[in-house]
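Below is one structure, written out as structure tokens; the observations come after it.
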Amino acid sequence: MSEFNKDDYLNDLPDADELAAGQVAPEDGAGEAQPEANNDAQSSEEQGMRQEQPADEAAAPEEGEEADSKDGKLTPLGQAKKEAAEYLEALQRERAEFINYRNRTKKDMERARQQGIIDVLAAELPALDDIDRIREHGGEMDESFQAVAAKIDKAFEKFGVEKFGVKGEDFDPTRHDAILHKPDPQAEKATVDTVVEAGYRIGDRVIRAARVVVASPQE
């Protein structure tokens, strides 16, 4: 081991004036430069994040409609959506056709029902006219016959059959069949004077016009 030389140790020490002027950096100064390195590292990380952000934003437009196709071709998801839209359109079209068919069927059934009632009514008209003549001329009808006549009237009313043609009502050529025009000095307009045969209708459909004698104003 070499001997300790006091003069050599003192010569190696820095001058006090140089330390005061800041010309010689202390050994601890190396630790003060470390925060700047950390700041540079943080700046690099922030730049990296800023560079990565546009990439994420660029991927966003692929969501939605653009995600259904790629390079001008439909993706499996886009193809599935297209097929679903086609199936929905076909279903709506079939539903509309079914509704139209159902409405036509209802109308056809109603017409068939009315025609059946008309056929029965036409077959019963002679008997109904006889009953009306007996009532008009004051013929005697026993209680049993009156009950049968009332049931027949109610049966036709149940099926919407309406009887019309009453003395004194206005003459309507769409509902009345004038078999005779009788001048009447007191008549101000053409009216039904006598009902020969009553008329029948179902709703707006006239089954048979009422045959009447018309009282007309004198010219």
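As the structure is a prediction and not an experimental result, all values here were calculated from the model.
Contact annotation: the side chain of Q79 never approaches that of T75 to less than 4.5 Å [non-hydrogen atoms, C-beta and beyond]. By the 4.5 Å heavy-atom criterion applied to side chains, I179 and V196 are counted as neighbours. Counting only heavy atoms from C-beta outward, the side chains of H176 and V192 approach each other to under 4.5 Å.
Residues P217 and A187 come closest through the heavy atom pair CB-O, 3.3 Å. For R133 against D130, the heavy-atom pair with the smallest separation is NH1-OD1, 3.0 Å. Among all heavy-atom pairs drawn from F164 and A209, the shortest one is CZ-CA, 4.4 Å. The minimum heavy-atom distance linking A149 with I131 is given by the pair CB-CG2, 4.0 Å. Closest heavy-atom contact between D193 and K182: OD2-NZ, 2.8 Å. Nearest heavy-atom pair across A210 and G165 is CB-CA, 4.2 Å.
The residues R102 and E97 are annotated as not salt-bridged, no charged nitrogen and carboxylate oxygen being separated by less than 4.0 angstrom. Ion pairing of D129 with R208 is present here, as a side-chain N (NZ or NE/NH1/NH2) and a carboxylate O approach within less than 4.0 Å. Comment: E157 does not engage K163 in a salt bridge, judged by the lack of any side-chain N to carboxylate O separation of less than 4.0 angstrom.
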- For side chain to side chain contact (heavy atoms under 4.5 Å, CB included), just list the numbers for D170 and K189, CA-CA rounded to whole Å, side-chain angles, deciding distance to a tenth of an Å, and then say yes or no. CA-CA 8 Å; D170 295 342; K189 56 183 177 179; 3.1 Å; yes

- Message: Could you walk me through whether V214 and L180 satisfy the side chain to side chain contact (heavy atoms under 4.5 Å, CB included) test, starting with their C-alpha distance in whole Å, then the side-chain angles of each, then the deciding distance to 0.1 Å, before giving a yes or no?
- Response: CA-CA 6 Å; V214 181; L180 179 64; over 6 Å; no

- Message: Is there a salt bridge (charged side-chain N to carboxylate O under 4.0 Å, His left out) between E110 and R113? Walk through the geometry before answering.
- Response: CA-CA 5 Å; E110 183 62 23; R113 175 178 176 274; 3.6 Å; yes

- Task: Go through the steps to decide whether K151 and V148 satisfy the test side chain to side chain contact (heavy atoms under 4.5 Å, CB included), and finish with yes or no.
- Result: CA-CA 5 Å; K151 288 181 180 180; V148 172; 5.8 Å; no

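Both Y200 and F159 belong to a single network of hydrophobic side chains, linked directly or stepwise wherever heavy atoms of I, L, V, M, F, W or Y lie under 4.5 Å apart. Linking ILVMFWY residues whenever their side-chain heavy atoms come closer than 4.5 Å, directly or via other members, places I207 and I152 in the same cluster. F171 and V213 end up in different hydrophobic clusters when Ile, Leu, Val, Met, Phe, Trp and Tyr side chains are linked at under 4.5 Å. Following chains of ILVMFWY side-chain contacts shorter than 4.5 Å, one can reach L125 starting from I118, so the two form part of one hydrophobic cluster. The same ILVMFWY cluster, assembled from side-chain heavy atoms under 4.5 Å apart, contains both L128 and I117.
Judged purely by atom type and a 3.5 angstrom limit, E124 has no side-chain atom pairing as donor or acceptor with the backbone of L121.
Other residues, nucleotides and ligands contribute at most 12 non-hydrogen atoms within 6.0 Å of the CD atom of E188.
Taking NZ of K82 as the reference point, atom CG of L77 lies at 14.0 Å (rounded to 0.5 Å).
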